[in-house]
Each structure stands twice: as C-alpha cells, then as structure tokens.
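Report on the structure given below.
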Amino acid sequence: MNSIAREARSLLGCPSWTSSQSLRCDPHRHQQLRGIRVKVLNGNLERALAFMQRVMQSSGIERMIKQEQTHHIKNSEKRILARKNLERKLRSQEFARKLQAVLVKKVRGM
C-alpha cells in the first residue's frame, strides 16, 4: 500500500513550473493537484486505508498509477493488452449503436 501512496504522491505532486494559467485551462488537473485526504477516526487506521483505497479506485488515480509502468512489457503482453482494449472499444461502440437505435424508436413512438 505504501508504494501505491508513494507513486500517487509523485504523480499528483505540484511541480514548480505549474502556473495558474495552466490550471485554468484544465480544471481536472487542479483537482488532481489537491490530492486525497482521509481522516483517521478513533485511531482506526485499517478503516481509513480501506476508505482511501475506495476513493482512489473511484477517482481513477489507481488506473493512472498502473498506466505509468516503468518496467518492460513483453511484446506478447502488449498484443494481449491491445486486443483487450480493441474488444472493449468495439463493445462500447456496439452498445452505443444499440442505445441510439432504442432511443430513436422511442422518439418515433414505435
């Protein structure tokens, strides 16, 4: 857990070259720079860590950390990941098409 927190801190750290103008251009970046704060109530550290993990998963920070891999990925793993990403993309496009067809039918009163 410490390694995840350390990487999150390094990813979300505010560099000295960040200007207020760049924060105005990207409001999500400002949200990321604030980081995640968790209160430990009644000395219950386990509960606070579980809560922090849920918040990190829901905010997408965990996904960002996993994407920032520093180790080598084998070509076979790259192919597998590319295939999975393509399948996910095709599924979402197919779902969007089906949803659009249903909405068109509802609008037309069919």
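These values consider heavy atoms only, across backbone and side chains, with no hydrogens, waters or symmetry-generated copies. These numbers were taken from a predicted model, which means no experiment stands behind them.
Every residue two or more places apart in sequence or in another chain that forms a side-chain hydrogen bond (donor to acceptor under 3.5 Å, both in side chains) with E94 is listed here: K98. Qualifying side chain to side chain contact (heavy atoms under 4.5 Å, CB included) partners for V38, counting only residues two or more places apart in sequence or in other chains: I36, A48, F51, M52.
Crowding of Q93 atom CD: a count of heavy atoms from other residues, nucleotides or ligands under 6.0 Å exceeding 12.
Taking CZ of R47 as the reference point, atom CG of L41 lies at 7.5 Å (rounded to 0.5 Å).
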Please table the atom pairs, donor to acceptor, closer than 3.5 Å between any side-chain atom in residues 73-90 and protein atoms at least two apart or in another chain.
residue	atom	partner	partner atom	Å
N85	OD1	R88	NH1	2.8
N85	ND2	L81	O	3.3

